[in-house]
Structure formats: structure tokens, C-alpha cells
Amino acid sequence: MTADKTIIDNDSDRPLHFLEQIITRDFAEGKHSQVITRFPPEPNGYLHIGHAKSICLNFGLPEKFGGECHLRFDDTNPAKENQEYIDAIIRDVEWLGYRWSGDIRYASNYFQQFYEWALYLIEQGKAYVCHLLPDEAREYRGTLTEPGKNSPYRERSVQENLDEFEKMRTGEYDEGACALRAKIDMASSNMNLRDPILYRIRKQLHHQTDDKWCIYPMYDFAHGQGDAIEGVTHSICTMEFADHRVLYEWLIDNLPVPSKPVQYEFGRLNLNYTVTSKRKLKQLVDDGYVDGWDDPRMPTLAGMRRRGVTPAALRKFCDMIGVTKSDGIVDVSMLEHAIRDDLDKNAPRAMCVLNPLKVTLTNYPENKTEMVTAAGHPNRDDLAERTLPFSREIYIDADDFREEANKKYKRLVIGKRVRLRSAYVIEADKCIKGDKGNIIEVKARIIEDTIGSDPGDGIKPKGVIQWVDAKRHAIFDVALYDRLFNDASPDSGEKNFVDVLNPESLVMKTQCVGEVGLNEAEVGTTYQFEREGYFCRDSKSEGLMFNRTIGLRDTFNG
RNA sequence: UGGGGUGUAGCCAAGUGGUAAGGCAGCGGGUUUUGAUCCCGCCAUGCGAAGGUUCGAGUCCUUCCACCCCAGCCA
């Protein structure tokens, strides 16, 4: 039932965004003939929708202009990182459909080189070991409006710095006792230039280098150099690093690096009704508000994958939102549109009844079962059609029947007709109620010869509803997901984002019935349950269970 | 009150001195065996504000305002 080909529409005629314009200019000026980028996640959490924007950008640019993108883990802080995150990130990038050039890289691959460059800086008199304690260093740093003061260790001799740095490396000092700092300008209006720390002591095992080091480079002393080693031409990061650019350049200019990458910044993605901060997502997981990083309600790539969102939908979304330096808040309806757009074009159709109500077709033979065929997709004949059993008793959704209704109601009503999708037109005669007046069964009749054609008497049904055969069907649970937060900006202001969680973000439906073929539903395929929405088989449940990716657009009002 | 960044419709976003693209949302209509899809139409005399330059300004100049980021030995 899987589509042979996925239909993807990408607007290739959209105007170039600012980074594409920069690359175009660089090519025209002969600065580069190919673009080399890198996607540099820190393995301290799962990738989320915001990372998807960065991934699409970094992998998309070389795809469009020619070049390559590296996958490099920014693993300079062993205290927060681990292998589980590395594995998950690799899986997510691959799932999104991108392939990095060469081997997976790690900043830690270059620790020896960074160390030697630290020695070089010391020898040039541009770095020193500072024994100010963290609290003292903060005081010396000054504030946003007041300049900092020079560290008393700032003028140590090159030899003394070499000796002290060696002691740092060999573990003679405790964490926090001292650090290697660049000698730049304690009075700079840019805090990043106030003698930034280059190396700190961390007596921790590292997931890649084990116990080889007890000193680890800071982000600033690793990122640009890693880019230079790899020949990255355009080092793209988010706006909050704009202040770091001068430091990035200072390091590139003061070190004998093999190439001169240039840093560019773009505005990170913000989505309303969701949080995109690794810290907060981790809290939702750690405190049990959700099932895990891959809970279908999470904006993580793993969560969205489990929910049935496709890579194509995410790429389309990233294409829609554009790339600029402004930081806005994108409306989730854009993401939802991208998801529906892809799924509508590509999801195989099926029928499912969430709230089963038995309908007995009183003029249909007791022991007869006929097979009706239904299209795999209304606008595509390359998706295999299904053959569905049809017999005297069927289920329809309880919401699709009313004893009486106004003209706007286009479903089944006593004395009126409705089309059973891909099958007969039926007319309801009466309904049977239980003790509490609840409707437990509907008695109806089929109109003969209405498969594939309208009733001969010219009385056409007003609506079409889905149905499932009462004898042969699949039975399963369905998880109906809604937005995780009720508040449009859960992480703004002084409110606590967990206070604004949507208590109805997950509603379970049990004993749902669907067409038999659903028993063989594959994990990884998202179906459209007609008139209901898009659903996919849950990848973790032992039994048959479906997750609702998203409902159909519903413009019906009345 | 220092530095960096950003302000074009409810949201995202083109526009690079010549008279405000496109998408999302919304609204109206058409097609339809999914109240889906699809199709058509409507939706900024206005570009954060005020001055100025110019025949002409969202684009240039001046001043002002708002919001975001920076004082981790996090990234």
C-alpha cells in the first residue's frame, strides 16, 4: 500500500533568500566555486523542528549551488552529552532525507589540534592561564555598561603560561581552579572579547575521547577552527551567535588555520503553541509530562516521525517560512498546512470508524458478502485500489447518524439517504435505542444498483460517509493528539510553561474499527482515514494502534 | 544606560529610488462519491514613528520608538 513515488512540490521560483544571494555573489566574485557547510548539533538532546530549519538550510545550500555539507557533533562539553543523543540525531538527519559528505565528524576529532593551537596562542603572547575563580572572573568581567578589569594573571610570561597550561592538561588542578583565556580586551563593549575562556578543566570521561583529556575547549575555541580544518566556506548559525562573530574571526586571524571560513547568522525558528528549547523539552521528558523524546506530541523530529509527519512535509514547511535575520513567531497553521499538503497528495486512503454504530441493511441478504473496490487515492491511479467486503451489517460513525436534522446536515437521517463511500447509497428507516435512550442500531436499506452510479429514481444523497463491514474488519485503538499547549506562547512572560499544558493533548479511542487491510498497516506509512484525518501505525505499541497525525481541514460551520 | 540584531497585513515573507510579489490564516463562490483536495474571487493609498532629500521614497539622510540577544569555566 506504499506509494511508489512521492509527489513533492517545491517552489523553485521563489526569490533567493539572503544567504543564497551571498553565495551567488561569492561565486560571481570568484571567492568560491562550491559551498561547504556543516550541521553542528551538540549531542545533548533530541533534534526538534527548529533544527529542521537549520538542517534544510545547511544541507539545502550545497544541494542547490553545488558543494557538500558535513555532519559534525559539537561535543566540547562531556558533562551534558551522551551517545544516545548522537544515535538519535544521526537517525533524524537521515530520516529527513539528507546525506552528509564523508564520515561523521566530531569536534573532539580535533582536540589535539586545538590543544596545539592553544600552545601557539600562548607562545604568541595572546593567551594566558588565569587563576581567577569563576566568581572572581565574573566580577572582573564587568557588566553590560561597565568595562571589565584586567586579571592579575594577565601578564604572566609565556613560559609560565606554558607551564601552567601543562599542569591543567595533566590534571594537577581541580575543575574551576583556573582556565586558559585569550588576551583581547577587557574593556570591549562586546562581552565576548573580554578575555574569553578558551579551555576549562573538566575531569569527566568523554563519550568519544574517554579519559584522554581533562581540559576541554569552549565552543568559541572549537567551532571556527573545526570549520577551518574542514574547509567550510559558509558557517551558518543562529542570530544569538552574531556577537561571537568577531571572536570567531579573531581566532581565525590569529591562528595558522588552513582556511578562512566566514560565519553568517539567520533567525531561529519560533512556533506558536509549542516550545523549542532543548532544556524545556528535556524537562517535559524528565518530569513525565510526555512519554519520551519521541512522544507524538513533541515537536522533536522523533516525535513527529512517530506521529506520521513526513520528511517531505517538514522540508516543505522549511521552504515556506523562509530564511531571514528577523525573529518572528511562525503560526503552527503553516506547519499544519505543509503536513496536510504532503499527506493529501501522497497518503493512501482507508476507512475507519472511530465511534462504531451498527447499521443493519434489512433488504440485503443475510449470508451474502460482496467485494466492492475503492480507490487507493481519489486523484492518483498509481496507488493500489482496495477491495472491501460488504455485507448485511456494517458500522458507521455514531456522529454520522441523527434521527432528524436540519438541511445543513449531510449525513444519515431517518427517511433520508446517504452514500456509503465506494459502495451503495442507503436510506435509513428507523433506529433502535437502549435503556437510556441511546441509539444502538440503525435499520436501513440499500438502494439497488447504486455502486458507481446515482439512484435510478433521481433522488441523490446529500452526503458521503465512511463505513466498515461488521463481519470482516480490523479492531484497534486510536490516539487522537492535539496541541501540547493551550497557550500561544507557552514560554513567554513569567508563567511556567508546564502550567499551560493542554490536558486534552492526548485522547485515546478504543475498539475502533477499520477496513481489514489495516491489520497489515506498515509502520512508516501515513494513511488518510477518509473524512477523519491522517493516521499512522504506532511504532512502539505491541498491538494494533494508530496515531492521528492531524485531522482533515474542516471548514464546515453549522 | 554599552554592544549586536530586527521592525512590510493576524502570521511568515518578496522588494536593492519608478508607484506594495507570494504563502499561511480568514471571508465569499464553483467542482466533488471525503463538509477533504482542486478552482475562482476578496483581503496593506500602506511599509515602527516623525522630519528631510528627490519629479518620484518601503528603498537614501536625520532623529526617535518598540522588540530580541549578550555579563556560563553552556552551545
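The sequence lines fix the lettering, A, B, ..., with proteins before strands; numbering per chain opens at 1.
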Options [options], nucleotide nearest the side-chain atoms of [X]:
X	options	value
A:Glu530	B:G35, B:A14, B:U34	B:U34
A:Arg202	B:C74, B:U6, B:G15	B:C74
A:Met218	B:C74, B:U33, B:C24	B:C74
A:Asp243	B:U34, B:C74, B:C70	B:C70
A:His337	B:G3, B:G5, B:A25	B:A25
A:Ser189	B:G35, B:C73, B:G2	B:G2
A:Glu42	B:A75, B:U34, B:A71	B:A75

Using only modelled atom types and a 3.5 angstrom limit, is any donor from either the side chain of A:Arg553 or the base of B:U37 paired with an acceptor on the other?
no
Does the Lys NZ or Arg CZ of A:Arg202 fall within the cation-pi geometry relative to A:Tyr216 - under 6.0 Å from the ring centre and within 45° of the axis?
no
Charged tip of A:Lys280 within 45° of A:Phe497 ring normal and under 6.0 Å
yes
Pull out every residue in residues 267-280 of chain A that has a heavy atom closer than 4.0 Å to any atom of RNA chain B, ordered by number, or say none.
none
Could you check whether A:Arg138 gets within reach of a base, just the sugar-phosphate, or nothing at all, counting any heavy atom under 4.0 Å?
sugar-phosphate
